[in-house]
Amino acid sequence: MSDFYVTTPIYYVNARPHLGHAYSTLVADALVRFHRMQGENAFFVTGSDEHGDKIMRSAEKNGQTPREFVDAISGEFRRLWPELGIDNYRFARTTDDDHVRFVQKILQRVYDAGDIYFAEFSGHYCYGCERFYTEKELENGLCPQHLAKPEFISEKNYFFRMSKYLPWIKSHIEEHPDFIRPERYRSEVLAMLDAGVLEDLCISRPKSRLTWGIELPFDTDYVCYVWFDALLTYLSALGPLNCEDFKRCWPGEHLVAKDILKPHAVFWPAILKAAGLPVYTHLNVHGYWLSRNTKMSKSLGNVVDPLEMVKKYAIDPFRYFLFREMHFGSDASFSEEALVGRINADLANDLGNLFSRVLSMTAKYFSSHVPQPCKRHEADDAIVELCASSMRNFTQLFGKIQFAQALECLWVLVRALNKYVDSQAPWALYKQGNMERLATVMYILLAAMRKVALCLWPVMPVTSCRMLDQLGQTADVKTPPVPQINDEIASFEGLYAGTEVAAQSNLFPRVETEGASEVKKAKPKEQKAVKPDRKQVAPRAEKNDEGTPADVLPEIDFEAFKTVDMRVGTIIEASKHPDADRILVFRIDFGEGAPRQILSGLAEYYTPAELVGRQVCAVLNLKPRKIRGLVSNGMVLTALQDDKLTLIGPCTEMPNGSSIA
RNA sequence: CGCGGGGUAGAGCAGCUCGGUAGCUCGUCGGGCUCAUAACCCGGAGGCCGCAGGUUCAAAUCCUGUCCCCGCAACCA
């Protein structure tokens, strides 16, 4: 049997790992565990992309050599994975010697085949993007990403004849509906190919401009440009072509986020084809994790640190949440509130409590030993049947990377088991002295719980093992609990009468809501602003008809008003925005420990110097917003009429942080 | 006509490929149970599936149009 092989992107080590990196890697880990539970050999490759201009510049900024810089950040990534319970992977670096040799070998091969040519190229180069733009792509002569004027550069470079392979890629995608999944991304790529905007790929940079890269084997004056370098990591990590690992693992599949769809869906198959290698089997594309429905970004300061969440809530609940909450392919929203909600509802109440009540009854009625079941009733058969179908659905959906749906199927079983406890009322059977019936019911419950624990191993390995351990099974986070999960679906058996089980269980303690509200108080930002939805907008027109002044907004209730957090603060620093002539940048003390940066369009009305020391009122829980590169964490209140403007402040001095109502 | 995603119960979402009684979780109201982690179980209330047309015996689902929201982008947060 061929091995299961999947990759995460090779993360660009320009920044520290965040939730998105963690998610991709966790998915790879879970898929590998899932395949191992089906008797396959499986592992994945992750790693770091360490070449390029941006890295050079970041290193310089830190006063480090590129090598020192990438060693440090790459190390952060490598240290994170074990903390998240991730296992069975190789960590590849684009600066590894083996990788460098591998890339050079492939480049030479493609060059020899005539698919790389040398050409004079002049174009608009944006240093921010590290790429050339065609006239068509520029907006008013500016880079659409950075809105900066690109430099017009004319130089000779090497090009990969990608256009030659585009028709083949298109037909391959058309013939293999699962090649790019979910389907929305497949459609996007097909649209991209039809648009005809894809050209040959520039794959080199002259050393005069960039030295931090892999030297081209056929021209030592040039280094390789990012994609040829990074994408080939997926192969080089396996070892040389034709080595044992390579033969068993390739073709494998890939896991990426939607931002790097194009290189993986178009460039990469073309490169593989040109190198005479088989193309990957699946490109699995997931969406973004949003924070408060906004994209996470370093500059907005709303980046979720996975380690912090793991420390606070433990690995497995965190993993469960990510798999349960995101529908693979779509964006999903991360919030601590939602995480706590899932922990309490799904894990503590449904699953944890099931273990707790059943094990405690087993202790009471059978001295913590699995009883010998007797004749099954109809209700028992229904559970046995549901158990099989839930597991079957779970494995099928999981294999199709529909994790949220898979878990939901499993929870159908968990909830049914809780119902079964209620409907069979073991405590009543015990009182009646109906030990035969009691034994059967308890056996059904314990055996089904074992099945649930088995299924959960890919998602929650630690908890899965604890559950199995409580059920008297041997289990280990690194080894699949059963050699072949499909056998477990086929037969309800597997738990033997007489096995000693734990007397009690507390798998997922509830996260108390006081804790949650403390979180809310500490971060007023977390509170949801009341959105004026269409139902509230509609009455507005009616009110106007009734004679309310047209410029007064529709009424809101007190609850809505309370969601606005307004405070008094003292301006301790004021300066002009370096890149925006109407904006002033303030640092204002709201008694929060550290001053808060707020931007405001006051430059026409005030000079920075005259404002320092003044007390102002501001809204603190407004969604942070970036203005010309700087983040504003709130809004200073002003009164404005026509061209008159004045700041609003308290009439007498108030302590910083005083609230306004 | 910039590109992409989306509008389904108070909140968050599934269903849409392949039309056939509108579903899940949380919340809420009422009841039950006492094995359990203030948990579990049952029941109720709450939706013109954004809007308008069209196709059809039948549309959340297919088609057309339209409005709105989000991300990317944008100097008045």
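Below, each value reflects all heavy atoms present in this structure, side chains not excepted, and no hydrogens, waters or symmetry copies. Proteins get letters first, then strands, A, B, ... in listed order; numbering begins at 1 in each.
For a distance-only test at 3.5 Å, the side chain of A:Asn353 qualifies as a donor-acceptor partner of the base of B:A36.
A distance of 4.5 Å separates CZ of A:Phe328 from CD1 of A:Ile401, quoted to the nearest 0.5 Å. Atom OH of A:Tyr430 and atom CH2 of A:Trp427 lie 15.0 Å apart (nearest 0.5 Å).
Checking side-chain atoms of A:Arg319 against main-chain N and O of A:Val459 turns up a donor-acceptor pair under 3.5 Å. Within the 3.5 Å criterion, the main-chain N or O of A:Leu386 finds a donor-acceptor partner in the side chain of A:Ser389. The backbone N or O of A:Leu255 sits nowhere less than 3.5 Å from a side-chain atom of A:His286 that would complete a donor-acceptor pair.
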Is there any protein nitrogen or oxygen under 3.5 Å from a nitrogen or oxygen in nucleotides 29-31 of chain B, and what are the pairs?
none

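Side-chain atoms of A:Met635 lie closest to B:A77 of the nucleotides B:U25, B:A77, B:U37. Closest approach to the A:Arg415 side chain among B:U25, B:G32, B:A36 is made by B:U25 (side chain taken as heavy atoms from C-beta onward).
Distances shown here put every side-chain N or O of A:Lys419 at or beyond 4.0 Å from the OP1 or OP2 atom of B:C40. Side-chain N/O atoms of A:Asn349 include one lying less than 4.0 angstrom from OP1 or OP2 on B:C40. Distances shown here put every side-chain N or O of A:Arg357 at or beyond 4.0 Å from the OP1 or OP2 atom of B:U37.
Residue A:Phe508 is classed as a base contact, given a heavy-atom separation below 4.0 Å to a base.
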